[in-house]
Each structure stands twice: as structure tokens, then as C-alpha cells.
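Quantities reported herein were computed from a predicted structural model and do not represent experimental measurements. Throughout, a chain's letter reflects where its sequence line sits, starting with A, and its residues are numbered from 1.
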Amino acid sequence: GESVGLHLPTLSVQEGDNSIINCAYSNSASDYFIWYKQESGKGPQFIIDIRSNMDKRQGQRVTVLLNKTVKHLSLQIAATQPGDSAVYFCAENLSGTSYGKLTFGQGTILTVHP
Amino acid sequence: NAGVTQTPKFQVLKTGQSMTLQCAQDMNHEYMSWYRQDPGMGLRLIHYSVGAGITDQGEVPNGYNVSRSTTEDFPLRLLSAAPSQTSVYFCASRKTQGSEAFFGQGTRLTVV
């Protein structure tokens, strides 16, 4: 039967604050991770990525942290702006026999208040 | 630079009808995937392909078929539509398994 829709985790921040969005991934063999931003009515857009041989990577106003020990990924957004309001997804690339498979986490709704 | 193009953008089907969602990319990417996105949920992988002639099942493949006869195109077929297939469908492509995926704008499908 049809699964019941889940309520996405939400994060509300004030404009100018820093935001931290967390993601737990499932496969310890995953070797590549991506954060995506999805605005209403649009497809996901790439924000930043990180490979499993790194634990931190920085972009413009964004930083991704990877903790392989506990299979945890986080996205930090500095000086959050109203335009950052969206749903944020992490994705993991499965290596090994499932190569080519990119699977997504549930997503987090970020709301930025002016 | 078109990127990933999906057609149609919107579609309404009656239960039992069949249709094909089209996806084309002009970036010469080997990897292509189809996802569905339901309200309040993330993207779930339906089928994926690592090159022309090669396809594999994702998390929710039942009720869907795919083929990959060319690098550019990766159509998704619904053989007998069901209301449970009402969703937004996204096609994505990427150059390698260690690179970002580019997404189309989505197809909003309603099955009544």
C-alpha cells in the first residue's frame, strides 16, 4: 500500500545567523557525498560535495563536514539569507557492486526569517 | 546549453493507461537516473543506468520500465498507471560516479 507521508525535519533561523543542517547516511562503503538545495517547484541544485578521503570542505558561505566514524554529514551555511530558504538534501554515492547509485536522504526544510 | 530536459512538465493519466516520460541530456554523461518525489519525502531512486545498454533497479522499481539505447536518452515507462504513481518525477545525469548529478525540472504526474 501507499506509505504515509513523513514530516520533514525543519530548521528556522533569523537572517544573518549561521545554519547547520545534519544528515545521517546509511552505507559505510559510500565514497562520495553531495548536498543539494531544492526550491519549491524546481529540481535539486548542487551546493557542495565531499569525497570520503576528506573530513571538511569549504565553498562560498557553505562548509560540509564528514564524520565517517558515525556516518554523519553536516552542511553549515554562514550568514544565512532569506534566499537560502529551501529544502536541503544530502546524497551518497554507493561504491562497490552498487556503483552508479546515488541515493538521497529525507531532506530538511530551512526557513530564514528576515 | 540545455542540460537535462524532461517532457512533459505536467501529465494526467487515468488508471490503467500507459505513458513514457522522456529525459534527454546533452552533456555526454554516462550516468542517468530516475527519481520520484512524494510530498514530505525525499527523492527515491526508481531506476538508473551507468551507460548505454545498461540499466539497474533502484529502491522503488515496481511498475516502471526503462531502457538506455543511446547515451543521451533515458525514457521511463509506466505500463499500467496506478494512483500510487502520482508523484513528481525527476531525471538526473552525471559524468562519473564521483561527480555531481544535474537534474531536470521535473514531471508532475497525476493518476486518477
Side-chain angles (χ1 to χ4, degrees), chain A residues 1-10 21 23-27 29-54 57 59 62 64 86-109, chain B residues 3-6 9-10 23 25 29-51 54-61 63 68 74 82-108 111:
Chain A
E2 187 68 31
S3 60
V4 176
L6 301 172
H7 294 286
L8 294 181
T10 59
I21 300 171
C23 174
Y25 64 91
S26 59
N27 194 321
S30 294
D31 59 1
Y32 175 64
F33 305 87
I34 314 172
W35 278 101
Y36 282 91
K37 172 186 180 183
Q38 186 178 28
E39 295 173 287
S40 181
K42 296 184 178 180
Q45 292 180 288
F46 171 86
I47 302 174
I48 191 168
D49 58 2
I50 189 168
R51 303 192 188 282
S52 58
N53 61 354
M54 304 170 69
R57 188 158 190 237
V62 293
V64 55
V87 182
Y88 289 80
F89 295 97
C90 66
E92 61 181 303
N93 181 80
L94 300 176
S95 60
T97 56
S98 296
Y99 83 98
K101 211 171 172 180
L102 186 68
T103 59
F104 283 74
Q106 184 185 9
T108 296
I109 301 171
Chain B
V4 180
T5 303
Q6 289 184 238
K9 287 188 169 54
F10 301 94
C23 176
Q25 52 92 6
H29 286 172
E30 290 296 322
Y31 294 75
M32 296 186 75
S33 305
W34 276 102
Y35 296 86
R36 61 176 288 172
Q37 186 173 34
D38 300 302
M41 298 182 75
L43 292 98
R44 291 186 290 170
L45 182 64
I46 305 172
H47 287 285
Y48 65 105
S49 169
V50 299
I54 307 169
T55 64
D56 206 345
Q57 296 181 347
E59 305 164 76
V60 288
R68 185 96 181 271
F74 191 43
S84 62
Q85 293 178 305
T86 294
S87 190
V88 180
Y89 291 84
F90 288 100
C91 177
S93 76
R94 51 185 180 143
K95 188 168 183 60
T96 69
Q97 61 172 320
S99 60
E100 66 178 283
F102 294 83
F103 283 82
Q105 287 301 299
T107 295
R108 186 173 294 275
V111 182

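B:Gln6 does not touch chain A: none of its heavy atoms, backbone or side chain, sits under 4.5 Å away. When heavy atoms are compared at a cutoff of 4.5 Å, B:Leu43 approaches chain A by way of both its backbone and its side chain. If you measure heavy-atom distances from A:Gln45 to chain B, you find no contacts under 4.5 Å at all.
Within the 6.0 Å centre-distance limit, the rings of A:Phe104 and B:Phe103 are counted as a close aromatic pair.
The choice from B:Gly42, B:Ser49, B:Gly98, B:Gly106 that makes the most heavy-atom pairs within less than 4.5 Å of chain A is B:Gly98. Listed options B:Thr96, B:Leu45, B:Val50 were ranked by heavy-atom pairs under 4.5 angstrom with chain A; first place goes to B:Val50. Comparing A:Gly43, A:Pro44, A:Gly41, A:Gly107 by heavy-atom pairs within less than 4.5 Å of chain B, the highest count is held by A:Pro44.
Between B:Phe90 and A:Lys42, the closest heavy-atom pair is CZ-O, 3.7 Å.
Looking at heavy atoms from C-beta onward, B:Arg94 lies out of side-chain contact with A:Phe46 at the 4.5 angstrom threshold.
Taken from CD in B:Glu100 to CG in A:Leu102, the straight-line distance is 11.0 Å, to the nearest 0.5 Å.
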